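Working notes, beginning with the structure itself.
Quick note on labels: first sequence line is chain A, next is B, and so on, each numbered from 1. Computed over heavy atoms, backbone and side chain alike; hydrogens, waters and symmetry mates excluded. Every value quoted in this text rests on a predicted model; they were computed, and no experiment measured them.
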Amino acid sequence: MLDVKNIRQNFSLIKKGLENRNADINLEELILSDDKRKEILFELEELRYKRNSVSDKIAELKRAKADANSLILEMREVSARIKTLEKDLSDTEAEINKRLIVIPNIPHSSAPVGKNEADNKLVKKEGTPKNFDFEPKAHWDIGEALNILDFERAAKITGARFPLYYGAGARLERALINFMLDIHTIEHGYKETLPPFIVNRNSMTATGQLPKFEEDLFKIKGTDYFLIPTAEVPVTNIYNNEILAEANLPILHTAYTPCFRSEAGAYGKDTRGLIRQHQFNKVELVKFVKPEDSYAELETLLKNAEEILKRLKIPYRVVTLCTGDLGFSAAKTYDIEVWMPAQGVYREISSCSNFEDFQARRANIRFKREGKKKTEFIHTLNGSGLAVGRTFAAILENFQQADGSVTIPEALVPYMNGIKKIGCLTS
RNA sequence: GGAGAGAUGGCCGAGAGGCUGAAGGCGCUGCUCUCGAAAAGCGGUAUUCCGUAUAAACCGGGAUCGUGGGUUCAAAUCCCACUCUCUCCGCCA
């Protein structure tokens, strides 16, 4: 959420920022509503002051057993006026909030200006794609041949876009989760967190999934609860409505959760394999930091996520999202894209974002500096570290052998109970 | 699912229409005392908004006692609804 004061003070800058991300927002009307709010508030507070002081006087008179009837009659009218003004005020505030809550975050100055995905800026490439002396197969073909993935039966159980793993495949998925969590907790200092997988509307609104993107979510019928699309939602909301101590910052959490996305509007896109599922596993990294640190923290967040791919020895590249491709809540985002040999493309496997104070405002997460009275909004960041299903797919494709088997990346072998290779016999 | 109890500041806990943003205690913190510490004494110790196109401090004012509504000149206090917590019974991984 943007600050109305900030919108007033930096009007043209914010207008420009919203244009850059292709958002059509009427800021002028928002300001008009805010003018109206101020006007109402001004009169209302004056009347409340009057009511409070006269009520004291009435109390005094009554204590002295004197007559207070004329004052009471006068206050009756004042109170009626207060009531109307209060209604006006809450209506106006609701109107302002309704406008404010659908305005996306303003891109950071370092986010390249651009229309869409094509304008994203390459930051770097790591690792060299392997040259296969055979035609590399797609991970769904490899997985089904090894009998470690079964999309057909998953569709029978639930429907399209649900995963079903067996044997060494199920083990590999679990190994990846443990591997990622171990690195982030032991080496990178994040606190392991296992949050609820179902959250309420307030949490979804705080992180920015609601109110605009409800059709992307799975909602639990008969309740106002939703399946989480990412651990970002429950984990960011851990500190909802709290004032944190400066000494405790930064606060780092990592969480494994399944993620549920309706993928509305993605019909016909990535219909095969693990890339786009309604349910997938992800290890998430979430940071709560001081404003002045947040861009340095974004760089380390990115490094922490990259580290997983480096250890697994899978080639990837990093891009900075352009203004037009930024998510609703983000001010700046790096995507990590992993090399998928069968399609010969890089596919997103992690998205690392700085939300600045955008989510903190919505979630009302603040902190207080040592010795200062004033509270400030913290900055939140998060990134996948990594999407497990897509990592699984990348391993299958990058480590496939001519005979259809898949070797396990060395770093993962201890997590696989010593299994070094998934072949037809081991599955 | 059935029956009951409750929600007040960082914590404990009083308050039961007006003098209560809220007694008292604990905690934290500043000062006095001390070579230093302890003890004792004195003080401070929630958040937020407005004061109308600028920031900090102060000052003046508004709001906040789980949330929302109602009664009243006046609500932490009375009424209604909701949410959450706890206890007992039943069921259950």
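- Ion pairing between a basic and an acidic side chain is recognised when a charged N comes within 4.0 Å of a carboxylate O; A:Lys290 and A:Glu246 show such pairing.
- When the P atom of B:A53 is taken as reference, atom CG of A:Leu32 falls 16 Å away, rounded to whole Å.
- Under the side chain to side chain donor-acceptor pair (under 3.5 Å) criterion, A:Asn120 pairs with A:Asp325, sequence neighbours left out.
- In this model, the phosphate group of B:C50 is not approached by any side-chain N or O of A:Arg48 to a distance below 4.0 Å at OP1 or OP2.
- The pair A:Glu292-A:Arg369 meets the salt-bridge criterion, since a charged nitrogen lies less than 4.0 angstrom from a carboxylate oxygen.
- Counting only Watson-Crick and G-U wobble pairs whose two distances sit under 3.5 Å, RNA chain B takes part in these stems of three or more pairs: B:1-7 with B:83-89, B:10-12 with B:24-26, B:27-32 with B:40-45, B:46-51 with B:59-64, B:66-70 with B:78-82.
- The CG-C1' distance, from A:Asn6 to B:A55, rounds to 15 Å in whole Å.
- Salt bridge A:Glu86/A:Arg48: present, at least one basic N to carboxylate O contact under 4.0 Å.
- Comparing the same atom, C1', in B:G66 and in B:G9 gives a spacing of 14 Å after rounding to whole Å.
- By the salt bridge (Lys or Arg N to Asp or Glu O under 4.0 Å) test, A:Glu28 is found to be paired with A:Lys15, residues two or more places apart in sequence or in another chain being considered.
- Checking the phosphate oxygens (OP1, OP2) of B:G62, no side-chain nitrogen or oxygen of A:Lys38 falls inside 4.0 Å.
- Rounded to an integer number of Å, the gap from CZ of A:Arg366 to P of B:A46 is 14 Å.
- Distance check on atom P: B:G60 versus B:U72 gives 33 Å, rounded to whole Å.
- The distance from atom CG of A:Asn240 to atom P of B:U83 is 19 Å, rounded to the nearest whole Å.
- Taking atom OH of A:Tyr49 as the reference point, atom P of B:G51 lies 17 Å away to the nearest angstrom.
- Residues that satisfy the side chain to side chain donor-acceptor pair (under 3.5 Å) test with A:Asn354, not counting sequence neighbours, are A:Ser294.
- Look at NZ on A:Lys374: it is 12 Å from P on B:C58, rounded to the nearest Å.
- Sequence neighbours left out, the pairs with a member in residues 150-159 of chain A that pass salt bridge (Lys or Arg N to Asp or Glu O under 4.0 Å) are A:Asp150-A:Arg153.
- Between the CG atom of A:Asn202 and the C1' atom of B:C82 there is a distance of 15 Å, given to the nearest Å.
- Between A:Leu41 and A:Arg8, the one whose closest nucleotide on RNA chain B sits nearer the 5' end is A:Leu41.
- Salt-bridge formation is detected for the pair A:Lys282/A:Glu284: a Lys NZ or Arg NE/NH1/NH2 atom is positioned less than 4.0 Å from an Asp or Glu carboxylate oxygen.
- A:Thr230 places a side-chain N or O within donor-acceptor distance of the main-chain N or O of A:Glu232, the cut-off being under 3.5 Å.
- When the P atom is used for both B:A23 and B:U45, the distance is 11 Å, rounded to whole Å.
- Atom C1' of B:U77 sits at a distance of 15 Å from the matching atom of B:A7, rounded to the whole Å.
- Phosphate proximity of B:G62 to A:Asn52: present, with a side-chain N or O under 4.0 Å from OP1 or OP2.
- The separation of B:U8 from B:A76, taken at their C1' atoms, amounts to 7 Å, rounded to a whole angstrom.
- Applying the salt bridge (Lys or Arg N to Asp or Glu O under 4.0 Å) rule to A:Arg8 yields the partners A:Asp34, A:Asp35; only residues at least two apart in sequence or on another chain are considered.
- Summarising the geometry, the separation between NZ on A:Lys57 and C1' on B:C19 is reported as 15 Å, rounded to the nearest angstrom.
- Residues passing the ring-ring contact (aromatic ring centres under 6.0 Å, His included) test with A:His253, sequence neighbours excluded: A:Tyr239.
- Along RNA chain B, the nucleotide nearest A:Leu44 and the nucleotide nearest A:Glu60 are compared for position; the residue whose nucleotide lies closer to the 5' end is A:Glu60.
- We find that A:Asp119 and A:Lys115 are not joined by a salt bridge, their nearest charged nitrogen and carboxylate oxygen being 4.0 Å or further apart.
- No salt bridge links A:Arg161 with A:Glu263; every basic N to acidic carboxylate O contact stays at or beyond 4.0 Å.
- Applying the side chain to side chain donor-acceptor pair (under 3.5 Å) test to pairs two or more places apart or on separate chains, those with a residue in residues 53-67 of chain A are A:Asp67-A:Asn69.
- Comparing the same atom, P, in B:A75 and in B:U20 gives a spacing of 16 Å after rounding to whole Å.
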Under 3.5 Å between N/O atoms: give me all the protein pairs with nucleotides 70-75 of chain B, atom names plus distance.
from, atom 1, to, atom 2, distance (Å)
B:U71, OP2, A:Lys83, NZ, 2.7
B:C73, OP1, A:Arg76, NE, 3.0
B:C73, OP1, A:Arg76, NH2, 2.5
B:C73, O4', A:Ile72, O, 3.3
B:C73, O3', A:Ser79, OG, 3.0
B:A74, OP1, A:Ser79, OG, 2.7
B:A74, O4', A:Ser55, OG, 3.4

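- For the contact set between residues 89-102 of chain A and RNA chain B, defined by any heavy atom under 4.0 Å, there are no members.
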Listed pairs, N/O of protein and of nucleotides 7-9 of chain B, under 3.5 Å:
none

Listing, residues 302-310 of chain A side-chain donor-acceptor contacts under 3.5 Å, not counting sequence neighbours, or none:
from, atom 1, to, atom 2, distance (Å)
A:Asn304, OD1, A:Tyr190, OH, 2.7
A:Asn304, ND2, A:Thr300, O, 3.3
A:Glu306, OE1, A:Lys124, NZ, 2.8
A:Glu306, OE1, A:Tyr316, OH, 2.6
A:Glu306, OE2, A:Lys124, NZ, 3.3
A:Glu307, OE2, A:Arg311, NE, 2.7
A:Glu307, OE2, A:Arg311, NH2, 3.3

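- Atom name P, nucleotides B:A38 and B:U32: the rounded distance is 14 Å, in whole Å.
- On the C1' atoms, B:G10 is 27 Å away from B:G68, given to the nearest whole Å.
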